[in-house]
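Comments concern the structure below.
In this chain, numbering begins with 1 at the start of the sequence shown.
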Amino acid sequence: MPDVRVTGADQFARLARELKKTDKKLAAELRKTIRAATRPAVTSAKAAITALPVKGSRGGGSKARAEQHLSRVKDPANEKAITRAQARAGLRKTIAASIKADIRDGGRRAGVRIIVDANKLPPDQRKLPRYLNTKTGWRHPLFGNRERWYGQRGMPWFEPSIKPHARRIRKSILATMKKMAADLERKE
């Protein structure tokens with residue numbers, strides 16, 4: 001997914017290094033402030049993905065998927081397979097649950113990003129957030145039936161939900177960084 005970037009990462013990295021050396025309490029406070037500043041953007045992205053229209057669906061996608069999965073289970077007494085099939089949420093809910101703020105306060109890649117954490121998605125769904133974010137979409141077999149393929153379209157949801165928050169997030173983080181830098185200078 002394309003990143004929605006704000007500048008100032010070099011300043012953030014320098015301040016984070018100084019805070020780690022001198023005041024771990026302030027470093028934790030900075031991370032807490034960043035999380036609070038990004039929370040509305042994360043919430044907005046989660047709302048955007050769950051609000052995407054499900055064209056042609058009658059609902060019950062996760063239930064139908066579970067039934068389809070269970071029909072392929074060789075041993076009906078296989079509790080693990082049954083539990084796994086029933087636990088899977090729908091695609092949009094699964095993606096929403098994996099959206100988070102990624103804060104990196106060291107190295108060359110210091111900064112804050114709103115991401116879809118692919119590690120929190122089932123292996124067969126890790127590319128789908130990107131596909132859902134494009135108008136072209138993707139093709140997939142209908143409930144695993146490789147003789148019937150279905151084209152599914154997406155629509156931009158990620159960037160449009162985050163961009164309105166970028167200026168406020170940057171302003172909040174920079175204000176906190178200035179305050180903390182001033183506190184550090186006073187302590188010296």
Side-chain angles (χ1 to χ4, degrees), residues 1-10 12 34-72 84-105 107-174:
M1 304 220 121
D3 291 337
V4 178
R5 294 182 183 267
V6 284
T7 58
D10 53 338
F12 174 61
I34 292 170
R35 288 230 184 273
T38 58
R39 194 168 293 122
V42 170
T43 302
S44 181
K46 288 180 179 194
I49 186 66
T50 55
L52 277 181
V54 183
K55 186 177 180 182
S57 173
R58 295 177 306 277
S62 58
K63 182 180 177 187
R65 230 182 355 269
E67 288 172 3
Q68 187 73 18
H69 178 74
L70 290 174
S71 70
R72 291 192 300 254
R84 187 173 48 243
Q86 291 170 340
R88 289 188 71 167
L91 174 62
R92 287 157 182 79
K93 285 183 181 178
T94 304
I95 292 171
S98 68
I99 298 173
K100 69 175 191 172
D102 181 31
I103 302 170
R104 296 182 182 200
D105 56 5
R108 295 182 322 194
R109 302 203 65 181
V112 181
R113 301 180 307 160
I114 310 293
I115 62 166
V116 176
D117 187 357
N119 294 326
K120 291 184 178 180
L121 295 172
D124 61 338
Q125 293 183 354
R126 292 189 175 155
K127 292 182 181 177
L128 296 183
R130 197 177 296 271
Y131 292 150
L132 267 174
N133 197 43
T134 64
K135 287 183 181 180
T136 55
W138 71 102
R139 290 174 35 86
H140 60 88
L142 191 60
F143 291 109
N145 180 356
R146 295 213 168 265
E147 293 178 16
R148 291 194 61 201
W149 285 76
Y150 180 75
Q152 192 146 356
R153 295 197 178 271
M155 63 187 292
W157 61 271
F158 192 72
E159 296 88 358
S161 65
I162 294 173
K163 277 188 180 178
H165 301 278
R167 181 174 286 165
R168 182 195 47 76
I169 291 170
R170 183 174 194 277
K171 196 174 179 180
S172 173
I173 292 171
L174 287 175

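- Taking every heavy atom of both residues into account, Ala37 and Pro40 meet most closely at O-CD, 3.5 Å.
- Listed for the Ser172 side chain is no donor-acceptor partner under 3.5 Å among the backbone atoms of Ile169.
- Of all the heavy atoms in Asn119 and Arg126, the pair that sits closest is O-NH2, 3.9 Å.
- Going from atom CD1 of Ile103 over to atom CD1 of Ile34 covers 5.0 Å, rounded to the nearest 0.5 Å.
- Here the side chains of Thr43 and Arg39 are in contact, with some heavy-atom distance below 4.5 Å.
- Lys100 is not listed as a side-chain neighbour of Val42, based on a closest heavy-atom distance of 4.5 Å or more.
- The distance from the CG atom of Asp102 to the CZ atom of Arg113 is 4.5 Å, given to the nearest 0.5 Å.
- Separating the CG atom in Leu142 from the CD atom in Gln152 is a distance of 10.0 Å, to the nearest 0.5 Å.
- Taking both residues in full, the closest heavy atoms of Pro122 and Thr94 are given as CD-CG2, 3.6 Å, listed atom of the first, atom of the second, then distance.
- Looking at heavy atoms from C-beta onward, Leu132 lies in side-chain contact with Trp138 at the 4.5 angstrom threshold.
- Side-chain atoms of Ser98 never come within 3.5 Å of backbone atoms of Val116 as a donor-acceptor pair (strictly under, hydrogens ignored).
- The heavy-atom pair separating Arg139 from Trp149 by the smallest distance is NH2-CB, 3.4 Å.
- Residues Leu121 and Pro129 form a side-chain contact, since some pair of their non-hydrogen atoms from C-beta on lies under 4.5 Å apart.
- The two residues His165 and Ser44 have their closest heavy-atom pair at NE2-CB, 3.4 Å.
- Going from atom OG1 of Thr134 over to atom CE of Met155 covers 11.5 Å, rounded to the nearest 0.5 Å.
- Here the straight-line distance linking atom CD1 of Ile95 with atom CD of Gln125 works out to 7.0 Å at 0.5 Å rounding.
- Residue Arg168 qualifies as enclosed at atom CZ: its count of foreign heavy atoms under 6.0 Å is above 12.
- In this structure, OH on Tyr150 lies 15.0 Å from CG on Asn145, to the nearest 0.5 angstrom.
- A donor-acceptor contact shorter than 3.5 Å is absent between the side chain of Arg146 and the backbone of Pro141.
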